[in-house]
Peer 1: 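My structure is below; once you've seen it, I'll send some questions.
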Amino acid sequence: MLRALIFDVDGTLAETEDLHRQAFNRAFAELGLPWRWDEALYADLLAVMGGKERLAHFIDSAHPADAEALHARAPEIHARKTRAYGDLVAQHGLPLRPGIARLIAEARAAGIRLAVATTTSRPNVDRLLAANFPPGAAPFDVIAAGDEASRKKPAPDVFLLALAGLGIPASEAVAFEDSAAGISSARSAGLPVLATRSRYTESHRLDGAFSAVSDLGEPERPHRHLAGVAWPGGVVDLAALIRWHEAPDGQSAPFEAMGTGR
């Protein structure tokens, strides 16, 4: 029985990553640091999961001579970045990706539980939800955020936290991810994964997902099928997910060796 849907946030619920990049740059400028992360550099840095970890990696790789002093400033830098991200979301909004609001509404109506499993910090999740749902009406029963997990993705910790919060086994849920590390994390937690491409994960291999699509799709705007399970009409809806989940061979058929750039 399918009892829960578990969503990654950045790149999955919404195309958040470029606002994170802009927020880092705003924090650097406010603190007088002569750094600017362009899109190409940020795409490379996204191989490191978690904003704090990403900043630490940048310091170690780009400024090793000053690493000790810069690491001491890292908490202040990241705190400024988090505030800047919240301000950017509040000022400009950040819509959910195609099909997300529809699938969430279908799940809620059917009594399917919803969770978040993300490496981002809780304030970033709260800002995104506040921008897209009425006050007090965020639909998620469980939010497992990065600071609560001892290890970031691709370790399974944050998905295991979400499952523990839901009180269900992995066999009764489906995870939604957009990155190679996220898929590995969910699969290591025992979850089947539906993958969507996002702006910053176009080159990622999506091995291990049972289906890969450009997005979840809408009836008036079908998604682009990439590999694995195909969805009727180019739309991932709850009825089709349940049919896949309940099929005898459903969870035994993830696709493999998906090439980059597809």
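For the numbers below, each heavy atom of this structure counts, side chains included, while hydrogens, waters and symmetry mates do not. Note that the coordinates shown come from a computational prediction; the quantities given were computed from them, not determined experimentally.
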Peer 1: Could you check whether Arg26 pairs with Glu30 (Lys NZ or Arg NE/NH1/NH2 to Asp/Glu carboxylate O, under 4.0 Å)?
Peer 2: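 No salt bridge links Arg26 with Glu30.
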Peer 1: Does the pair Glu15/Arg199 count as a salt bridge with the N-to-O cut at 4.0 Å?
Peer 2: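 Salt bridge: no.
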Peer 1: For the pair Arg243 and Asp237, evaluate salt bridge (Lys or Arg N to Asp or Glu O under 4.0 Å) and give the outcome as yes or no after the intermediate values.
Peer 2: CA-CA 10 Å; Arg243 285 196 300 273; Asp237 63 17; 5.0 Å; no
Peer 1: Quick one: do Tyr85 and Val48 end up in the same hydrophobic cluster if we chain Ile, Leu, Val, Met, Phe, Trp and Tyr together by side-chain heavy atoms under 4.5 Å apart?
Peer 2: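 No, separate clusters.
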Peer 1: What are the two closest heavy atoms between Leu19 and Gly93, and how far apart are they?
Peer 2: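 Closest approach of Leu19 to Gly93: CD1-O, 4.5 Å.
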Peer 1: If we check side chain to side chain contact (heavy atoms under 4.5 Å, CB included) with Leu96, which of these qualifies: Leu103, Asn132, Leu129?
Peer 2: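 Among Leu103, Asn132, Leu129, the one that satisfies the side chain to side chain contact (heavy atoms under 4.5 Å, CB included) with Leu96 is Asn132.
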Peer 1: Kindly indicate, with the supporting measurements, whether the criterion side chain to side chain contact (heavy atoms under 4.5 Å, CB included) is fulfilled by Thr196 and His223.
Peer 2: CA-CA 10 Å; Thr196 58; His223 61 226; over 6 Å; no
Peer 1: At their closest point, which heavy atom of Ala175 faces which heavy atom of Phe159, and how far apart are they?
Peer 2: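 Nearest pair, atom of Ala175 first, then Phe159: CB-CE2, 3.9 Å.
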Peer 1: Do His204 and Arg197 come close enough that some side-chain heavy atom pair is under 4.5 Å?
Peer 2: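 Counting from C-beta outward, His204 and Arg197 do come under 4.5 Å.
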Peer 1: Do you know which two heavy atoms are closest between Ser198 and Gly11, and how far apart they sit?
Peer 2: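 Where Ser198 meets Gly11 most closely, the heavy atoms are CB-O, 3.3 Å.
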Peer 1: Say whether, by atom type as modelled, one donor and one acceptor occur between the side chain of Arg127 and the main chain of Val89 under 3.5 angstrom.
Peer 2: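 No; zero donor-acceptor contacts below 3.5 Å.
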Peer 1: So which residues get pulled into Phe28's cluster when ILVMFWY side chains under 4.5 Å apart are joined, directly or through others?
Peer 2: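 Via sub-4.5 Å side-chain contacts, Phe28 links to Phe24, Leu31, Leu33, Trp35, Trp37, Leu41, Tyr42, Leu45, Leu46, Leu55, Phe58, Ile59, Leu70, Ile77, Tyr200.
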Peer 1: So which heavy atom on Leu191 is nearest to which on Ala173, and how close?
Peer 2: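 Closest approach of Leu191 to Ala173: CD2-CB, 3.6 Å.
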Peer 1: Just do the side chain to side chain contact (heavy atoms under 4.5 Å, CB included) check on Val158 and Thr118 with the steps written out, would you?
Peer 2: CA-CA 7 Å; Val158 74; Thr118 179; 5.7 Å; no
Peer 1: Could you measure the distance from the CG atom of Leu128 to the OG1 atom of Thr16? Nearest 0.5 Å is fine.
Peer 2: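 One gets 7.0 Å once the value is rounded to the nearest 0.5 Å.
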Peer 1: Identify whether the distance between the nearest side-chain nitrogen and carboxylate oxygen of Asp8 and Lys153 falls below 4.0 Å.
Peer 2: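 Yes, charged N to carboxylate O under 4.0 Å.
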Peer 1: Work out which heavy atom in Ala117 is nearest to a heavy atom in Ala162; give both atom names and the distance.
Peer 2: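 Shortest heavy-atom contact: CB-CB, 4.3 Å.
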Peer 1: Leu161 and Ala144: which non-hydrogen atoms are nearest, and at how many Å?
Peer 2: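 Looks like CB-CB, 4.0 Å.
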Peer 1: What distance separates Arg73 CZ from His78 NE2, expressed to the nearest 0.5 Å?
Peer 2: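 Reported value, rounded in 0.5 Å steps: 15.5 Å.
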Peer 1: Nearest 0.5 angstrom please: Arg21 CZ to Asp38 CG, how far?
Peer 2: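 So the CZ of Arg21 and the CG of Asp38 are separated by 7.0 Å.
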Peer 1: Verify the cluster assignment for Phe210 and Val235: are they in a single hydrophobic cluster under the rule of side-chain heavy atoms below 4.5 Å apart?
Peer 2: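 Per the 4.5 Å side-chain linkage, Phe210 and Val235 are not co-clustered.
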Peer 1: Is Val9 reachable from Phe140 through a run of hydrophobic residues whose side-chain heavy atoms are each under 4.5 Å from the next?
Peer 2: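 Yes; tracing contacts between hydrophobic side chains, which count when under 4.5 Å, links both residues.
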Peer 1: To the nearest 0.5 angstrom, please state how far the CD1 atom of Ile104 sits from the CG atom of Leu5.
Peer 2: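 Ile104 CD1 to Leu5 CG: 8.5 Å, rounded to 0.5 Å.
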Peer 1: Without swapping roles, check the side chain of Ser185 against the backbone of Ala181 for a donor-acceptor pair under 3.5 Å.
Peer 2: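 Judged by distance alone, no pair lies under 3.5 Å.
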Peer 1: Test side chain to side chain contact (heavy atoms under 4.5 Å, CB included) on Asp147 and Lys52; report intermediate values, then the result.
Peer 2: CA-CA 10 Å; Asp147 288 345; Lys52 294 175 182 177; 3.5 Å; yes
Peer 1: Indicate yes or no: at least one non-hydrogen side-chain atom of Arg122 is less than 4.5 angstrom from one of Val116.
Peer 2: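 Sidechains of Val116 and Arg122: no contact.
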Peer 1: Walk me through it: do Arg102 and Glu106 pass the test salt bridge (Lys or Arg N to Asp or Glu O under 4.0 Å)?
Peer 2: CA-CA 6 Å; Arg102 172 187 50 75; Glu106 292 172 0; 3.3 Å; yes
Peer 1: Is the shortest side-chain heavy-atom distance between Pro169 and Glu172 below 4.5 Å?
Peer 2: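 In short, these two side chains touch, coming nearer than 4.5 Å.
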Peer 1: Would a 4.5 Å heavy-atom cut-off, applied to side chains only, mark Ile168 and Leu163 as touching?
Peer 2: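 Yes, at least one pair of side-chain atoms sits under 4.5 Å.
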Peer 1: Look up atom CG in Asp18 and atom CG in Asp10, then write down how far apart they are to the nearest 0.5 Å.
Peer 2: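 If we round to the nearest 0.5 Å, Asp18:CG and Asp10:CG are 12.0 Å apart.
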Peer 1: Are the side chains of Trp244 and Pro192 in touch, meaning some heavy atoms are under 4.5 Å apart?
Peer 2: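 When only atoms from C-beta onward are counted, Pro192 and Trp244 do touch, with a gap below 4.5 Å.
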Peer 1: Please check if any side-chain donor atom of Asp60 sits under 3.5 Å from a side-chain acceptor atom of His71, or the reverse.
Peer 2: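 His71 and Asp60 do have a side-chain donor-acceptor pair below 3.5 Å.
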Peer 1: Is it the case that one hydrophobic cluster holds both Ile183 and Met49, taking links as side-chain heavy atoms less than 4.5 Å apart, direct or via other members?
Peer 2: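 No, it is not one cluster - the side chains of Ile183 and Met49 are not joined through contacts under 4.5 Å.
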Peer 1: Given the rule in the side chain to side chain contact (heavy atoms under 4.5 Å, CB included) test, do Leu194 and Leu216 qualify, once you have shown the distances and angles that lead to the verdict?
Peer 2: CA-CA 9 Å; Leu194 194 157; Leu216 298 185; 4.0 Å; yes
Peer 1: Please indicate whether Arg221 has more than 12 foreign heavy atoms, meaning atoms of other residues, nucleotides or ligands, lying under 6.0 Å from its CZ.
Peer 2: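 Check fails, neighbour count at 12 or below.
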Peer 1: Is there side-chain contact between Pro156 and Arg151, with at least one heavy-atom pair below 4.5 Å?
Peer 2: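 Yes - at least one pair of side-chain heavy atoms lies under 4.5 Å apart.
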Peer 1: So with a 6.0 Å cut-off around CD of Glu68, is the heavy-atom count from everything else above 12?
Peer 2: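 Open.
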Peer 1: Report the distance from atom CD of Glu39 to atom CD of Gln22, rounding to the nearest 0.5 Å.
Peer 2: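 Interatomic distance, Glu39 CD to Gln22 CD, rounded to 0.5 Å: 9.0 Å.
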